[in-house]
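So that the names make sense, note that chain A is the first sequence line, chain B the second, and so on, each numbered from 1.
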Amino acid sequence: MSIERLKRIDDNRLEVPADYKTGMRTKGIIYVDNILEKELEEESIEQVANVATLPGIVGASMAMPDIHTGYGFPIGGVAAFDLKEGIISPGGVGYDINCGVRLLRSNFKKDTVVPKLKELIEALYNEIPSGVGSKGKIRLSPDDEEKLLLKGARWAVEKGLGDVSDLEKIESGGCLEGADPSIISQKAYERGRSQQGTLGSGNHFLEVQYVDEIYDEKIANALGLFKNQITVMIHSGSRGFGHQVCTDFIEVMERAIQKYNIALPDRELACAPFNSPEAQDYFAAMKAAANYAWCNRQCLMHWTREVFMSVFNVSPIELEMTLIYDVAHNIAKVEEHIVDGKKKKLVVHRKGATRAFPPGHPDLPVVYRNIGQPVLIPGDMGRASYVLIGTDKAMKETFGSTCHGAGRVMSRHQAIRQAKGRAIWREMEDRGIIVRAAGRETLAEEMSEAYKDISNVVEIVHNAGISLKVARLRPLGVIKG
DNA sequence: ATGTGC
């Protein structure tokens, strides 16, 4: 097994041949150019091949340029399965169910915010609960929690956190139908109760940014973006709740593979036939966790708006901090795609991959119907983030998917070692970026050098045509967990 | 990612 056995399809794609490994039902395709090809881990190639052995896989086992090794499935992976012959797997979604990103616009320009940046970041840090195991200002009764799991972001809006108009700018309207609170474990309920409305830790962040480059004027304009404008990006997920749901169902799936006699090259691929009770229970629990995450990002956004209004003493109308979009990048969804010329429903797993639906798709908000789905790609805290737009080519090639972020090049441990004796916060401040982090080692783990250059990643998906660059955002201030 | 792992 090695990289020499991969075949270059074109400048942006490598093929993992179907004979790379015994049991593969289809080939693998990895979106990398000859630069990021060098960063490919052998283990993650193996994982792309492993996914190709799963029953009912449709099309190729795919991976985006931010691929790295994950639990069973690679992070950056996209895999679609037939509803009758295929499976669903918690490892294909990931531990942080519906980890995702939302982007807010504003009427402010860089010049207005920079003089008050320290005060702003301090205020945001005080208002946004962050860090491992952090508790929020929301305390849920068991009844509240159940409603939240059914309603998603709408639950927060009904509590006065945000506006109804926010909902249409969230993927799936901020709520997946069919969540079932009755199959959530007590443990998950307990962990979820105090963590709603918290940022989390690791690569989760809240970032104040400015638009530094526009690649597509027409689309940027349609999204309400302009040069030097202040934007806010929020990257968070379903916290301990989603983590517990994943843990609970990996156990269920480990029994299911015995019961249904599914042979796997790696037990971390544990799964169940999509139409089995085990799979349907996982899917309904995953939806509950997805709804928990959308509600979480909705709460974080609301407090962000409040902080901006208070620090700059402006009204909502003056600020016009509207939601541009909210994407999920760890999720499984039933979607309609064209397979061999025919419309077919599939269960698409995106694990560290972002949906990138094209112009005209019925699932897009009416206001974006003509331009396509906004794709939000966070980079590391020192470099940049990107806004892209979904394309027809993505729909044809990748089941409407693209990359989700930079992807690590250093393990957390390696990063901590490299950062020893350095003051990362000061290095950042020297570059004009104010950072505040809850965890003692978070800044070391999250420093720029620990990640691939996001520009390289985005260049590949842009050149491959599976999403197109609209704007680049530079960080000014960051809140980390 | 995570009431962080051996």
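A straight line from CZ of R417(A) to P of dG5(B) spans 18 Å, rounded to a whole angstrom. Here dG5(B) presents its P atom at 13 Å from CD1 of I416(A), a figure rounded to the nearest Å. Note: NZ (K480(A)) to P (dT2(B)) measures 11 Å, nearest angstrom. Atom-to-atom, OH of Y95(A) to C1' of dT2(B) comes out at 9 Å; the value is rounded to the nearest Å. Taking atom CD on E441(A) and atom P on dT2(B), their separation rounds to 16 Å, with Å as the unit. If you take CD of Q414(A) and C1' of dG5(B), they are 16 Å apart, rounded to a whole angstrom. Atom NE2 in H243(A) sits roughly 8 Å away from atom C1' in dT4(B) (whole-Å rounding). The distance between atom CG of N296(A) and atom C1' of dT2(B), rounded to the nearest whole Å, is 14 Å.
Q195(A) comes within 4.0 angstrom of sugar-phosphate atoms only, judged by non-hydrogen atoms across all strands, and of no base. Using a 4.0 Å heavy-atom cutoff across all strands shown, G237(A) reaches no nucleic acid atom at all. Across all strands, G242(A) comes closer than 4.0 Å to no nucleic acid atom at all (heavy-atom distances). Among the atoms of the strands shown, base atoms are found under 4.0 Å from some heavy atom of K187(A).
Considering only residues two or more places apart in sequence or on other chains, K147(A) meets the salt bridge (charged side-chain N to carboxylate O under 4.0 Å, His left out) condition with D143(A).
Projected onto DNA chain B by closest heavy-atom contact, E445(A) and G202(A) fall at different nucleotides, the more 5' of which corresponds to G202(A).
In this structure, T247(A) does not reach the dT2(B) phosphate: none of its side-chain N or O atoms is under 4.0 Å from OP1 or OP2. Between R412(A) and the phosphate of dT4(B), there is no side-chain N or O to OP1/OP2 separation shorter than 4.0 Å.
The residues K452(A) and E39(A) are annotated as not salt-bridged, no charged nitrogen and carboxylate oxygen being separated by less than 4.0 angstrom. Of the charged side-chain nitrogens involved, at least one lies within less than 4.0 Å of a carboxylate oxygen, so that K118(A) and E429(A) count as a salt-bridged pair.
Side-chain contact between L149(A) and Y189(A) is present, with heavy atoms from C-beta onward closer than 4.5 Å.
Neither side chain, E46(A) nor Y20(A), offers a donor N or O lying under 3.5 Å from an acceptor on the other.
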